[in-house]
Chemist: 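Pasting in a structure now, in structure tokens, and then I'll have a few things to ask.
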Amino acid sequence: KAKNCGSQKVFHSHVMVATNGSCCSSSSSNAFGSSTVPSGSGTFENMHHLHRGDDAECNGSPAKRCRLRRRTESVRKHRPPFPWFGMDIGGTLVKLVYFEPVDITAEEEQEEVENLKSIRRYLTSNVAYGKTGVRDVHLELRNLTMCGRTGNLHFIRFPTQAMPRFIQMGRDKNFSSLHTTLCATGGGAYKFENDFRMMADLELLKLDELDCLIRGLLFVDRVGFNGHPECYYFQNPSDTQSCVKKPCTLDNPFPMLLVNIGSGVSILAVYSENNYKRVTGTSLGGGTFLGLCCLLTGCETFEEALEMASKGDSTNVDKLVKDIYGGDYERFGLQGSAVASSFGHMMSKEKRDSISKEDLARATLVTITNNIGSIARMCAVNEKIERVVFVGNFLRINTVSTKLLAYAMDYWSKGQLRALFLEHEGYFGAVGALMELLKTTEDP
Amino acid sequence: MAECGRVDSNTSHTMDKSITLPPDEIFRNLENAKRFAIDIGGSLTKLAYYSTVQHKVAKVRSFDHTAKAAGDKLYEISMQEEVTARLHFIKFENAYIETCLDFIKDHLVNTETKVIKATGGGAHKFKELIERKLGLKVDKEDEMTCLIKGCNFVLRNIPHEAFVYAKHADSEFRFQTTNPDIFPYLLVNIGSGVSIVKVESEDKFERIGGSSIGGGTFWGLGALLTKTKRFDELLQLASKGQHASVDMLVKDIYGGSYGYLGLTGDLIASSFGKSATADKEFSKEDMAKSLLHMISNDIGQLACLYAKLHNLSRVYFGGFFIRGHPVTMHTITYSINFFTKGEVQALFLRHEGYLGAIGAFLKGAEEDNPNQYSWGENYAGSSGLMSVSPDMNPMQRARSGTFDMLEMDRLERQLVNLPLLQDPSSYIPDTVDLTEDAPAREYWLYCFEEALDGVVKRAVASQPDMPEAALRAEKFRQKYRHKLQTLRQQPFAYGSLTVRSLLDTREHCLNEFNFPDPYSKIKQRENDIALKYYQKAVKSLDELSWEEKQFALVRGVLAGNVFDWGAKAVSDVLESDPEFGFEEAKRQLEDNSGVDIILGVMPFVRELLSRGTEVVLASNSGPALNDVTNGELQILTERIAAMDPVIEAGLREDRLLLVQSGSSSPCLDLSRLDKVLAMVVRERQTDLVIIEGMGRAIHTNYYAMLSCESLKMAVIKNSWLADRLGGKLFSVVFKYEVPVGKPNKDCGAFSPC
């Protein structure tokens, strides 16, 4: 699939950037063994563009430092101006990653324009923005080197509904004067493009969300989570008592079935960084969980919904196999405890009158999660892929779902399939968008 | 579901009263009933029983010609009582269950019955009631096993059982020709949950998957969201709603379509996605619609994934979520089409609601080996597919479907495909599908209604010694007229509406009121006369040159074909001028031959025999209009053999075989032929098939493709049809076909060139 072609085209038609040589190739062969995109100018061939800040290069001998500095300066000419953002505008949430350089020299500090400084301070000194913006401090990637600069990667989210206010802020802070490129992915990159242009005089570099998702995911997995693995799975998923979260690495990630659970769900079969296909998707996703919970329980936020769900009992709402057959349905090997009909008890008025909001929230969560698990499992079998990676913000603070998915994969496949999860659940699209920003400058 | 089954005393009282139908029209033939089965679902009960029907049948018997009484009559016709087996299936709301059990108890005479087979979710709940009321032991059968058994049974025995639903098409129902090999298939049963079952053979099936998001989810969640209790009302709400106000569409996220992936803007990205963010009230209708889409799409997607994994292309949907509801059939069809890009079609079943009851019955009747027989839907006794307009008030709908019946007759003969069909799976017997062709439907319904008076008259006249014949004939008129009216409203009621089905329905209705063969006397008279002319006709043919003779023989067959009481143009003439005979027919065709079988077909057969060709002469097993039956033909041939050495030698040397077709219709379905005929065809390596007559060669089989050479001949005896085909009334169709890819080597038995 010639995905890259497409995104480049989009880029050329909408954005003007300084194009005086290569800066940061996210595709140089030593960093991305499987990449097929030609790497940038030979000058920087052997440079590790993307590496962790505690790399030896940062604190070597004076001569080495000198060399490094010269090199850094030359890179600097070609690297995009700060601030570095990557944005993923989804149906429900906007995910924003912000690279905060920590290696700013005094000289740089002086040159730094006031509004750039204020953006940096605003973002890094707060953990909440306005009423709804949140920085996921626990996800921050520290001392990361990107494009020759060392810094911290911050993860911020706010509801898509607040997008007009965000654009307004961009205008108020005179963002356009910074001459930065705002790399954006997700449907909102298209939907809000015109608003950005009209209201804030900003051009978006629109990027395909699945390209970004995969690129961001592979990158974060590679750099790791501040010294720990990004990836984890559940040991003994079928036993609630001994089920434990275990870190792991995606050493050999391909092929993988990537299940991205946002408002809706996309399921991709990924064979290499640039070779993937969207297998299918379902409209029963995180948006459905929250939407139904809001209607059924009157709750207003995802956190509230999950909180309720954690206290509820779905078996008061769902009809189980044993409710129909008195026990297991042996003829078909169905356990009595399996759900026969989600919300099946709710056909009866007495039952409707006897359940709690918590029960309803739990049943909604279980229903949506099991369904995603079921479709993902079928896709994995059809595509003959054993590794199923679940990402997306639906899984944020949602151990009920992650454990259920792990259990469903294991149980129904008789141990053939393994469910994997990633700590930065919903941010990969935004990270992928940021990487595109750092990559674009290599274009002649 | 429990809610539905509960009957509070108040409503049950009014419902008792509402059974005003003569009970013998619902629980028919109860006196002889044995082997009961019951399937109690969430809201509907399906009762099945086996019974026998005593019917008058017209039997022909050769006279002992030594006796004086014989006169000049060829054979005698006697009305005999014959007992045939029939399966009755009745569907009614659970609310009526007690009333119905009482009725059955009062009318059940047969005391051999000790057990009632039961299946369905409600079986255990009503177990005690059934045992108390009927004094029968309730024997529970596995639900899914019953379902599959029932499904196999209807697929095998009811042509046009399966259909594709197309909401916006001229006919919403597109019936499928049944592939003779019904396996393997996928059955997606959408009850409260979803079961996906792969069926590989009669006894081999496996639940390969399922989902907890099913009809119960729609009902349960729907009740919570809309405070609407009834399933039907929820569906009605859904049919009026706009899902886009609740669902987050691709265009809500993208502002347009997601071009890369070819996802259109109207696609649902997140079901109920808007209700998470929008601070507004959503209408019940919109929420119900969104829920319906969510569940239908989800089920469709899973079904497709399973179909793909198991490489199955036939996917049938059933369960209470589907059960004839246009709304759900449409959304499921849409979903399957979307997820398979049109490669798999969602199939639905006309008798889907009966599958469990049929299966449970079959389980109980295994010792009678019902699967050894062929069964046929009785159009007279079956209600047919009800109109299920979503606009109809749910209460009205519930009423109209209060009692629904399906009756299946056990056929005397086992029916199979003609082995010479080029592609049995694509064979469609009927030339015009009146379900889809509205002008043709109008015309033929009108035609059959016009002809009704004549048929009634003929029926009464056929039983002069029976004083109550007039009354029965009147009942027949009412019944058939009602059928025609139903078909006008719901042409899809019994599968594709065709001239054949209209004719068959009439035969079934006539039989229902004990008019087994209204034309027996006419046929007898005609045969008597024709037989007298036989030798003369043969003699004059023999005097012709070879080429002249061939033309004369064909003209003879065609002229005989004019004597068709089913054709309005002809029966008008015959009714007004009783003297109209083959002289008139001959004038119309400028031909010099005699009546149908004796003066038309027999000389033709004789010619074939004398050329050394083996002839298998197939005729109807049972009476239909004035078509000769196998019984009559046996006697006629015997008589002809007595005066014609060629025929005699043919019979003696086994070169002329008289075989029954298995049909009792003026038309012919080559996919349902007598097993013996099929066997003979195969054994004798038949290489030419001649199909004669308007019913068999025009209304049906005009486009039939055979793997051997074939000849279709008929006279168009209907001016409308003649117009349609671009010819004149009494035009001749003579269609000689050589199968594609086969060299026209030996023209076989008959060569017109």
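Just so it is clear: chains get the letters A, B, ... in the order the sequence lines come, proteins before strands, and each one is counted from 1. Below, all heavy atoms of this structure are taken into account, side chains as well, without hydrogens, waters or symmetry copies.
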Chemist: Just give me the residue among B:Gly220, B:Gly255, B:Gly214, B:Gly193 that pairs up with chain A most often, heavy atom to heavy atom, under 4.5 Å.
Modeler: B:Gly220

Chemist: If you count heavy-atom pairs under 4.5 Å with chain A, which of B:Ile268, B:Leu225, B:Asp298, B:Leu302 comes out on top?
Modeler: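 Most pairs with chain A among the choices: B:Asp298.
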
Chemist: Indicate the ring-plane relationship of A:Tyr411 and A:Tyr407, choosing parallel, tilted or perpendicular according to the 30° and 60° boundaries.
Modeler: parallel

Chemist: Just to verify, what does B:Asp203 make a side chain to side chain donor-acceptor pair (under 3.5 Å) with, not counting sequence neighbours?
Modeler: none

Chemist: Taking 4.5 Å as the heavy-atom cut-off, does anything in residues 281-292 of chain B contact chain A, and if so which residues?
Modeler: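 Listed by number, the contacting residues are B:Phe282, B:Met287.
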
Chemist: Are the side chains of A:Lys319 and A:Val339 in touch, meaning some heavy atoms are under 4.5 Å apart?
Modeler: no

Chemist: Looking only at heavy atoms and a cut-off of under 4.5 Å, which of A:Val265, A:Leu296, A:Thr301 has the most pairs with chain B?
Modeler: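 Between A:Val265, A:Leu296, A:Thr301, the count favours A:Leu296.
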
Chemist: Let me know if B:Phe205 has heavy atoms under 4.5 Å from chain A in its side chain, its backbone, both or neither.
Modeler: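 For B:Phe205, heavy atoms of backbone and side chain both lie under 4.5 Å from chain A.
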
Chemist: In terms of heavy-atom pairs under 4.5 Å, which option from B:Gly216, B:Ser271, B:Gly215 contacts chain A the most?
Modeler: B:Ser271

Chemist: Is it true that the side chains of A:Ser341 and B:Ser192 contain a donor and an acceptor less than 3.5 Å apart?
Modeler: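 Result is no, nothing qualifies.
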
Chemist: Would the distance check show the side chain of A:Thr297 and the main-chain N or O of A:Ala361 forming a donor-acceptor pair, the cut-off being under 3.5 Å?
Modeler: no

Chemist: A:Glu383 versus chain B, heavy atoms under 4.5 Å apart: side chain, backbone, both or neither?
Modeler: side chain

Chemist: If you count heavy-atom pairs under 4.5 Å between each of B:Phe231, B:Tyr254, B:Phe218, B:Phe272 and chain A, which one has the most?
Modeler: B:Tyr254

Chemist: Measuring only between side-chain heavy atoms, which start at C-beta, is A:Cys294 closer than 4.5 Å to A:Glu300?
Modeler: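 A side-chain contact is absent here, since even the closest heavy-atom pair is not under 4.5 Å.
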
Chemist: For residues 305-312 of chain B, which side-chain donor-acceptor pairs fall under 3.5 Å, sequence neighbours excluded?
Modeler:
from, atom 1, to, atom 2, distance (Å)
B:Tyr306, OH, A:Arg377, NH2, 3.3
B:His310, ND1, B:Lys198, NZ, 3.4

Chemist: So what's closer than 4.5 Å to chain B heavy atoms on A:Phe192: side chain, backbone, both or neither?
Modeler: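 For A:Phe192, there is no contact with chain B at all, as no heavy atom is under 4.5 Å.
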
Chemist: For A:Phe332, does the CZ atom sit with more than 12 other heavy atoms under 6.0 Å from it, leaving out its own atoms?
Modeler: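 It does: A:Phe332 CZ has more than 12 such atoms within range.
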
Chemist: If you measure from NE2 on A:His345 to CD1 on A:Ile355, what distance do you get to the nearest 0.5 Å?
Modeler: 11.0 Å

Chemist: Output all residues satisfying side-chain contact (heavy atoms from CB on, under 4.5 Å) with B:Ile253, sequence neighbours left out; order by chain, then residue number.
Modeler: B:Met248, B:Ala269

